[in-house]
Amino acid sequence: MIEQKLLEKACTAIHQLYEQKVSQDLIGLEKTKREIIGDYTLVVFPLLKLSHKSPEATAQEIGNYLSQSMPEIAEFNVIKGFLNLILSDKFWLDFLKKNAGKSQFGFRKLRPDRPVVLEFSSPNTNKPLHLGHIRNNLLGHSLSEILKANGFKVIKVNLVNDRGIHICKSMLAYQKWGNNETPFAAGIKGDHLIGKYYVLFNKHFRDEIHSLMEKGLTEEEAEKQAPLIIEAQEILRKWEARDNGTVDLWRKMNGWVYDGFNKTYQNLGISFDKIYYESNTYLMGKELIMEGLEREMLIKKEDGSIWADLRNEGLDEKLLLRSDGTSVYMTQDIGTAQLRYDDFRPSSMIYVVGNEQNYHFDVLQRILKKLGKEYASHIYHLSYGMVELPQGKMKSREGTVVDADDLMDEMFKTAESTTRELGKADELPEEESRQLFRTIGLGALKYFILKVDPKKNMLFDPKESIDFNGNTGPFIQYTFARIQSLLRKAMSSGYAKERVQGSLHTSLLPLEKETIKKLYLFPEIVKQAGVEMSPAIIANYVYDLAKGFNQFYQEIPVLKEENKEKFVLRLTLVSFTGEVIQKSMNLLGIDVPPKM
RNA sequence: GGUCCCGUAGCUCAGCUGGAUAGAGCAACAGCCUUCUAAGCUGUGGGUCGCGCGUUCGAAUCGCGCCGGGAUCACCA
């Protein structure tokens with residue numbers, strides 16, 4: 001990387017010129033602002049106490065030294081104490097020649113380390129997936145691709161919350177009002193069918209609460225005494241006691257949900273290497289807790305409940321097993337962590353889970369540490385923000401959710417109508433058109449979500465459909481399609497054969513250089529996205545690249561260029577840009593179409 | 001109340017490991033298709049970077065204090 005070399009040389013320069021040792025962190029090196037001529041800018045202000053000269057003089061002296069000792073530097077200028085370095089066209093051309101067409105460009109070789117276990121999705125089995133889950137799934141999938149690009153072996157795992165009071169509510173409602181309905185007979189996806197009964201339960205539950213409150217109970221009392229919740233709790237007890245009928249129903253209904261989830265996952269284009277079920281992992285959790293109790297890492301209260309005492313860490317006590325011996329959410333997460341560790345001996349375990357669970361993961365990590373698990377310090381919670389609607393947070397029970405399947409269907413339809421309006425599907429065969437609408441619709445949706453910093457809450461307004469113009473997935477896909485079209489034409493012209501042999505000795509136009517500089521950034525962007533676990537960094541980068549390329553494309557002819565060197569340069573630049581756009585989009589889990 | 005997160009153009013978002021006149025897109029307005037795909041390109045207008053104080057040669061960026069919004073603190077998940 002040229003930045004590193006510039007920094008080292010700058011240190012040497014200071015040492016030579018001012019006889020002072022200097023560490024690299026004191027030197028500010030950054031990309032030159034767009035309005036100013038230059039490629040890299042060295043900020044000299046922090047160096048003035050070493051040079052004892054004016055900013056201008058210092059910049060001038062360092063500039064002289066650097067341009068003499070580095071052939072890559074063609075010239076430099078000094079503006080207001082900023083030293084702007086201009087690299088030679090040859091440097092950029094060499095970079096282009098060396099990396100264009102290289103399939104590994106920007107990606108690290110596989111490290112010998114142990115794998116990374118990445119958990120995402122983690123749905124409850126009582127309702128279908130919604131937009132919040134989409135964000136989770138897209139982040140998880142993209143992150144796995146980004147980590148792979150950074151040389152990690154990644155194991156994608158899903159933890160299905162298949163047991164607990166929530167599924168019992170759906171089961172109860174189904175028993176009462178289901179008439180043995182099946183997804184097949186009803187003609188709806190299994191997860192939606194179960195969701196229907198979950199909503200039904202809550203509707204009747206609310207009714208019961210209201211009538212109890214009219215009889216003088218407080219809301220809190222009513223919520224505990226309503227017959228429906230008592231019946232649901234009874235189902236949970238039967239389930240834990242392995243009651244045959246209950247377990248059979250549970251199995252049947254969960255099976256429907258899995259079929260539904262699998263369709264949604266497939267539609268979204270995501271997959272897992274291993275699926276854990278809470279109904280299995282909570283037992284391991286119990287075991288670990290009993291073990292921790294024996295070794296006096298945990299405490300037991302008089303009523304028999306078991307707790308972790310975190311008060312000397314500034315937190316409170318945390319319940320791990322109820323007085324009746326049943327487990328809570330934390331119980332199974334402890335078990336799951338251990339199972340994962342035993343299964344894969346990972347170097348780290350990443351959890352993609354919403355920021356509403358920040359406290360939970362903080363506590364989980366501390367408890368595992370308390371239990372003496374060394375892997376506790378290698379747990380990372382990728383805490384992402386909520387997707388909010390204009391009226392606030394999505395709430396399943398209040399019906400204010402954007403359903404994942406509906407949203408995808410809507411995206412496909414919008415993609416279709418927009419594409420047809422533009423007349424772009426006219427010559428495509430039916431099957432290809434269908435594929436294209438999917439690619440574009442998903443591209444718009446995925447990019448819309450992934451371009452936002454994962455940590456931040458984001459807003460989705462269902463009334464305003466997701467855009468296809470401007471800073472969007474389709475914009476980038478379109479740029480890629482134009483590139484492919486141009487390359488196809490070049491191939492048929494016969495010139496293309498000379499592409500690789502071209503010596504590329506020519507000068508660069510500003511728009512050419514701008515694009516090359518953006519391509520040069522790609523490896524660093526991939527690395528940064530990995531370190532920060534942020535697909536948004538890739539998304540914003542590839543938009544910038546596509547935007548810049550479109551300016552180039554608009555202003556500078558490629559196929560009509562008669563100078564062979566320039567033709568070869570531009571064609572190389574075009575195909576390389578296509579490669580990097582494709583790689584970037586794939587890191588986001590987005591496909592790019594050959595035509596659109 | 002304790003802890004944590006957020007507050008940048010009318011709207012959605014970048015920029016935040018301190019650096020030069022704070023950037024995109026959408027929306028509005030004005031241009032560009034006998035030239036490689038106009039889902040594109042160019043231009044105009046639009047900002048007390050929530051407020052105040054501090055650190056610094058230099059603060060949207062760091063620190064402190066307010067104001068506003070959100071999350072969380074369950075024998076829920």
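Please read these numbers as outputs of a predicted model, since none were measured by experiment. Worth knowing before you read on, the calculation uses all heavy atoms, side chains too, and leaves out hydrogens, waters and symmetry mates. The chains referred to below are lettered A, B, ... by the order of the sequence lines, with proteins before strands, and numbering in each begins at 1.
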What does A:Leu48 touch in the nucleic acid at a heavy-atom separation under 4.0 angstrom: a base, only the sugar-phosphate, or nothing? nothing
What are the residues of residues 457-470 of chain A, sorted by number, that bring a heavy atom to within less than 4.0 Å of RNA chain B? A:Met458, A:Leu459, A:Asp467, A:Phe468, A:Asn469, A:Gly470
Please work out if A:Thr479 contacts a base, only the sugar-phosphate, or nothing of the nucleic acid, heavy-atom cut-off 4.0 Å. nothing
Think A:Lys318 has a side-chain N or O under 4.0 angstrom from the OP1 or OP2 of B:A74? no
Less than 4.0 angstrom between a side-chain N/O of A:Gln477 and OP1 or OP2 of B:A39, yes or no? no
Select base, sugar-phosphate, or nothing to describe what A:Asn84 touches, counting heavy atoms under 4.0 Å on all strands. base
Heavy atoms under 4.0 Å, any strand shown: does A:Tyr553 hit a base, just sugar-phosphate, or nothing? base
Syn/anti state for B:C67 [syn: chi within 90° of 0]: anti
Under 3.5 Å on both distances, the Watson-Crick or G-U partner of B:G63: B:C53
Counting heavy atoms from C-beta on, name the nucleotide in B:C41, B:G19, B:A77 closest to the side chain of A:Glu30. B:G19
Using a 4.0 Å heavy-atom cut-off, does A:Leu436 contact any base of the nucleic acid, only the sugar-phosphate backbone, or nothing at all? nothing
Measure up the A:Phe460 and A:Phe448 rings against each other and bin them: parallel (under 30°), tilted (30 to 60°), perpendicular (over 60°). perpendicular
Please confirm whether the shortest side-chain N or O distance from A:Lys455 to OP1 or OP2 of B:C13 is below 4.0 Å. no
For nucleotides B:G58 and B:A20, find the distance between their C1' atoms and express it as a whole number of Å. 10 Å
Under 4.0 angstrom, heavy atoms only, what part of the nucleic acid is A:Val452 near: base, sugar-phosphate, or nothing? sugar-phosphate
Name the one of A:Leu293, A:Val328, A:Ile334 that satisfies side chain to side chain contact (heavy atoms under 4.5 Å, CB included) with A:Leu320? A:Ile334
Gap between atoms CE and P, on A:Met330 and B:A77 respectively (whole Å): 11 Å
Where the side chain of A:Asn471 is concerned, which of B:G25, B:A39, B:U72 is the nearest nucleotide? B:G25
Options B:A39, B:G40, B:G19, nucleotide nearest the side-chain atoms of A:Arg482: B:G40
Could you walk me through whether A:Glu221 and A:Gln225 pass the side chain to side chain donor-acceptor pair (under 3.5 Å) test, one step at a time? CA-CA 6 Å; A:Glu221 289 166 341; A:Gln225 293 177 26; 5.4 Å; no
Looking at B:A74, I'd like to know if its phosphate oxygens (OP1 or OP2) sit under 4.0 Å from a side-chain N or O belonging to A:Arg322. no
Is A:Lys517 paired with A:Asp39 through a side-chain N to carboxylate O contact shorter than 4.0 Å? yes
From B:G70, B:G19, B:A77, pick the nucleotide closest to the side chain of A:Glu388? B:G70
From NZ of A:Lys595 over to P of B:A39, roughly how many Å is that when rounded to an integer? 16 Å
Under 4.0 Å, heavy atoms only, any strand: does A:Asp453 hit a base, just the sugar-phosphate, or nothing? sugar-phosphate
Tell me whether the OP1 or OP2 atom of B:U21 has a side-chain N or O from A:Arg34 closer than 4.0 Å. no
B:A14 phosphate, OP1 or OP2: any side-chain N/O from A:Lys456 under 4.0 angstrom? yes
On a whole-Å scale, what distance lies between the C1' atoms belonging to B:G10 and B:U35? 39 Å
Of the options B:A77, B:G40, B:C36, whose atoms approach the side-chain atoms of A:Phe475 most closely? B:G40
What is the distance from NZ of A:Lys31 to P of B:A20, rounded to the nearest Å? 14 Å
Gap in Å between the two P atoms, one belonging to B:G45 and one to B:G18, rounded: 33 Å
Taking the side chain as every heavy atom from C-beta outward, state whether A:His360 and A:Tyr329 have any atom pair closer than 4.5 Å. yes
Describe the nucleic acid contact of A:Ile440 in one word from base, sugar-phosphate, nothing, applying a heavy-atom distance below 4.0 Å. base
Verify the stacking flag for A:Phe45 against B:G19: centroid separation must be under 5.5 angstrom and the ring planes must differ by under 30 degrees. yes
Pick the C1' atom in B:C4 and in B:C11, then give their distance to the nearest Å. 28 Å
Measure from the side chain of A:Lys424, starting at C-beta and using heavy atoms only, and say which of B:C36, B:A39, B:A20 lies closest. B:A39
Could you work out the separation of B:C26 and B:C41 based on their P atoms and round it to a whole Å? 9 Å
Within the structure, does a side-chain N or O atom of A:Lys547 lie under 4.0 Å from either OP1 or OP2 of B:C41? yes
Which whole number of Å gives the distance between the P atom of B:G46 and that of B:C73? 47 Å
Pairing check on B:C11: which nucleotide meets the Watson-Crick or G-U wobble criteria with it, both distances under 3.5 Å? B:G25
A:Ser121 and A:Asn137: side chain donor to acceptor below 3.5 Å: yes
Measure the acute angle between the ring planes of A:Phe82 and A:Phe45, then classify it against the limits of 30° and 60° as parallel, tilted or perpendicular. perpendicular
Any base atoms under 4.0 Å from A:Val328, or only sugar-phosphate, or nothing? Heavy atoms, all strands. sugar-phosphate
Check ion pair A:Lys566-A:Glu561 (N to O, under 4.0 angstrom): no
Looking for any heavy atom pair under 4.0 Å, which part of the strands does A:Pro55 touch: base, sugar-phosphate only, or nothing? nothing
Just to be sure I understand the rule, does A:Ala536 reach a base, reach only the sugar-phosphate, or reach nothing, if contact means heavy atoms closer than 4.0 Å? nothing
Inter-nucleotide C1' distance (B:G50, B:U44), Å rounded: 29 Å
Please classify the nucleic acid contact of A:Leu321 as base, sugar-phosphate, or nothing, using heavy-atom distances under 4.0 Å. nothing
Out of B:C36, B:U72, B:C76, which nucleotide sits closest to the side chain of A:Lys393? B:U72
Considering only side-chain heavy atoms of A:Glu278, which listed nucleotide, B:A39, B:A77, B:C36, is closest? B:A77
Any carboxylate oxygen within less than 4.0 angstrom of a Lys/Arg side-chain nitrogen, looking at A:Glu565 and A:Arg570? no
A:Leu382 and its side chain to side chain contact (heavy atoms under 4.5 Å, CB included) partner, picked from A:Glu119, A:Met533, A:Lys455: A:Met533
Test: A:Arg237 and A:Glu234 ion pair at under 4.0 Å: yes
Compare the minimum distances between each of B:A20, B:U72, B:G25 and the side chain of A:Ile79, then state the nucleotide with the smallest one. B:A20
Classify the nucleic acid contact of A:Thr41 as base, sugar-phosphate or nothing, counting any heavy atom under 4.0 Å across all strands shown. base
Should the pair A:Lys424-A:Glu432 be classified as a salt bridge under the 4.0 Å nitrogen-to-oxygen rule? no
Given atom CD1 of A:Ile27 and atom P of B:G18, what is their separation to the nearest angstrom? 15 Å
Looking at B:A20 and A:Phe82: do their rings stack (centroid distance under 5.5 Å, interplanar angle under 30°)? yes
Taking for each residue the nucleotide of RNA chain B bearing the nearest heavy atom, is the 5' side occupied by A:Pro454 or by A:Thr418? A:Pro454
Could you measure between the two C1' atoms, the one in B:U12 and the one in B:A74, and give it in whole Å? 36 Å
Please work out if A:Asn124 contacts a base, only the sugar-phosphate, or nothing of the nucleic acid, heavy-atom cut-off 4.0 Å. sugar-phosphate
